[in-house]
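Order of the sequence lines fixes the chain letters, A, B, ..., with proteins taken first and strands second; residue numbering starts at 1 for each chain. Side chains are part of it too, since the values below use all heavy atoms of this structure and drop only hydrogens, waters and symmetry mates. As the structure is a computational prediction, the values presented were derived from the model and not from experiment.
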There are 2 protein chains.
Amino acid sequence: MVTIKDISDYLGIASSTVSKGLNNATDISDETRDKVIAAAIELGYSPKRRKHFTGLNGQFERKVCVFIENMDYENREQFGYDLIQGFKQSAEIRNWKVDIVPSNLNAQSKNEYDKFMITNGYSGAFMIGFSIHNDYSMQISKTRMPTVLFDNYVLNNPKVGYVGTDHYEGLKLAIHHLHSLGHTKIAFLNGARNTMVSSQQTQAFSTIMNELNLYVDPHLLESGYYVPDCAKYHVPKFIDRGATAIICASDLIASGAISEVQKRGLKVPEDISIIGFDDLPICQSITPQLTSIRQDRLSLGKSAMMLLDCLINNIPISKAILRADLIIRDSTAVVKNRD
Amino acid sequence: MVTIKDISDYLGIASSTVSKGLNNATDISDETRDKVIAAAIELGYSPKRRKHFTGLNGQFERKVCVFIENMDYENREQFGYDLIQGFKQSAEIRNWKVDIVPSNLNAQSKNEYDKFMITNGYSGAFMIGFSIHNDYSMQISKTRMPTVLFDNYVLNNPKVGYVGTDHYEGLKLAIHHLHSLGHTKIAFLNGARNTMVSSQQTQAFSTIMNELNLYVDPHLLESGYYVPDCAKYHVPKFIDRGATAIICASDLIASGAISEVQKRGLKVPEDISIIGFDDLPICQSITPQLTSIRQDRLSLGKSAMMLLDCLINNIPISKAILRADLIIRDSTAVVKNRD
């Protein structure tokens, strides 16, 4: 554990000056502050023991932050809402204060990640919605700041952990459900290409289909984007190819798939069964109500804070994986052979 | 969350009688007690809220237990010692009392797992050293008692979690280390056949070798047992086959492998490099000191308690995976071609 004294010894300056540098005090030069922060990053200092005396309640404060990108976390209908709620609930029990830091590519390039964390006194961070090629994400691979990623993983850095749902288990529940209803021609409409999660899902889909001796037709396996619109590019082909069921990588994609099936004069679930992913509130408001692979978003958020607490305390958990569940509603039914 | 009142309603008897049945009180009949416990198991009751007033310090007590099989956990040199220490340290912070329950197949068949847990007032358990075919392990697949398994996994039961080291990451570090020293003919002496961990390791070994374009010679890939003696059945063949490095699934197997190489008049690491697994204290006392893939046993124990706490609080984490590390000592060196 690197201390203020270590930085002080390393630079040959007083501990009080180091402390001022880390706390953005105004009575030292910019040059000295920059030197202190550069040394703090180099030595792997993290603000674990740095506590601010807060005048209001007379207690010491310790802070973590949540970086979010392109996410509406104040809307109950959206994926991020419960995730953040769970994180905050778990943080409160552990006496951590949480700041939400909306971020985007432009903002990221201005600040080095470690520098941002140290100068703002954050002991750790939870990152949601970042692609691994982003500037921040690249820095994460070598950071020494405790960091939890949602649905993303970096190798060999004991300061970074990954929290997510067991997609293999989720897809297994979905495919077995369809198989028990007699479906054999099952299509999978994945989300973005080339993310860790989408690669895992494509592989899991094929593995599980093989285990059940079901043919994985490459024409029934496509990637789009996590928006309803992507359904229109792929669902017509799936129908022409004889698919009787479509599993979608998100509930939004599934809602688009239902529209697309209906546009073709077919019915869900009588002609085609549809399964979504996430179990967002929307599942209960669309017609027919959507069968969906549930991600327990509140528990994911709680687990992220628990994992971050472990990383801050040097317990190097790299992955915390949560159970998936299948919520069966009205969009799946016994297969009807269409030809 | 099933309460005493739920059991009382279900059976149509007084809550006080249910409470007596769950607490082994002597002033009710054996028949009533059996009925209460059977109903508790059927409804999925777990003693989360059951607290005993302990006379000594006037505090309420909540209890978890650790089942161990065939393990010497009081010997600092052994794998189980730090695992249990870590678990206990983390339990203490969370105000859980820990009982250690040495178990064996014979003892297991006498008690149903859920019944044992309820009648002893345990809110959850950590299981170490059990094979998945044991009687207890079979019951685990459908238990409703929060249970953490070490290096074992069951599908689809949100009350059961798995804690272990990332064996893939560990083997990757080891193979890349040997590759950087010029080794291409690398043997892998695995532990027991057909356990979850050994299957994962064999698969990981092949995947990583393939990634480096190294040939996976089936004659250099064997399974034995987790004892030094198993080396003598396989190491001579590895040597005849031209292996220049051997990775072993435990430090004990590796110590046997070193003896076997030396018996053949060859030197470690000059002629053959050896890598162990676990990083037990023995690595530093054998000659040459053993390069080993480290399992952070203290952190594994702490993580097990953290995971158990999550399961007790209905946060369905199924896997908590810890980082592996490679501790390089004197048993690995630059390859020397022997022919």
Side-chain angles (χ1 to χ4, degrees), chain A residues 82 86-87 89-90 93-94 146 148 153-174 176-177 203 207-208 211 294-326, chain B residues 82 86-87 89-90 93-94 148 153-174 176-177 203 207-208 211 293-326:
Chain A
D82 284 333
F87 188 85
Q89 286 172 20
S90 179
I93 293 170
R94 293 172 163 82
V148 172
Y153 176 71
V154 300
L155 205 68
N156 289 340
N157 186 341
K159 283 294 170 195
V160 181
Y162 146 46
V163 68
T165 300
D166 189 337
H167 294 97
Y168 176 85
E169 191 173 52
L171 283 170
K172 187 159 187 165
L173 291 167
H176 279 244
H177 169 59
Q203 201 181 347
T207 303
I208 299 157
E211 283 168 2
R294 178 170 166 74
Q295 299 207 60
D296 183 341
R297 301 181 296 281
L298 206 63
S299 288
L300 280 165
K302 289 178 182 174
S303 301
M305 181 63 232
M306 174 280 298
L307 175 49
L308 189 56
D309 212 19
C310 284
L311 296 175
I312 290 169
N313 288 294
N314 294 311
I315 300 173
I317 296 180
S318 60
K319 298 178 189 168
I321 312 293
L322 275 85
R323 297 278 174 189
D325 203 356
L326 182 69
Chain B
D82 284 334
F87 188 85
Q89 285 172 20
S90 180
I93 294 170
R94 293 173 163 82
V148 172
Y153 176 71
V154 300
L155 206 68
N156 288 341
N157 185 339
K159 283 294 169 195
V160 182
Y162 145 47
V163 68
T165 300
D166 189 337
H167 294 98
Y168 175 86
E169 191 175 52
L171 283 170
K172 187 159 186 167
L173 290 167
H176 279 246
H177 170 59
Q203 200 181 348
T207 303
I208 299 157
E211 283 168 3
I293 298 162
R294 178 170 167 73
Q295 298 208 60
D296 183 340
R297 299 181 296 281
L298 206 63
S299 289
L300 281 165
K302 288 177 182 175
S303 301
M305 180 64 232
M306 173 281 298
L307 176 49
L308 188 55
D309 211 19
C310 284
L311 296 175
I312 290 168
N313 287 294
N314 295 311
I315 300 172
I317 296 180
S318 59
K319 299 177 188 168
I321 311 293
L322 276 84
R323 297 277 175 190
D325 204 355
L326 182 70

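In this structure the side chain of A:N156 never reaches within 4.5 angstrom of the side chain of B:K172, judged on heavy atoms.
Contact count against chain B (heavy-atom pairs under 4.5 Å) is highest for A:I315 among A:D296, A:D325, A:I315. Interface remark: of the candidates A:D166, A:N157, A:L298, A:N157 forms the most heavy-atom pairs closer than 4.5 Å to chain B. For chain A, the option among B:S318, B:S299, B:G86 with the highest count of heavy-atom pairs below 4.5 Å is B:S318.
Neither the backbone nor the side chain of B:D309 comes within contact range of chain A, judged by heavy atoms closer than 4.5 Å. For B:L173, the part lying near chain A is the side chain, with the backbone staying farther off; criterion is any non-hydrogen pair under 4.5 Å.
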Next item on the list: Please step through side-chain contact (heavy atoms from CB on, under 4.5 Å) for the pair A:M306 and B:I317, ending with a clear verdict.
Entry: CA-CA 11 Å; A:M306 174 280 298; B:I317 296 180; 3.3 Å; yes
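Within a 6.0 Å radius of CD in A:Q203, other residues, nucleotides and ligands contribute 12 heavy atoms or fewer.
The backbone N or O of B:G161 lies less than 3.5 Å from no partner atom in the side chain of A:R323, so there is not a single donor-acceptor pair.
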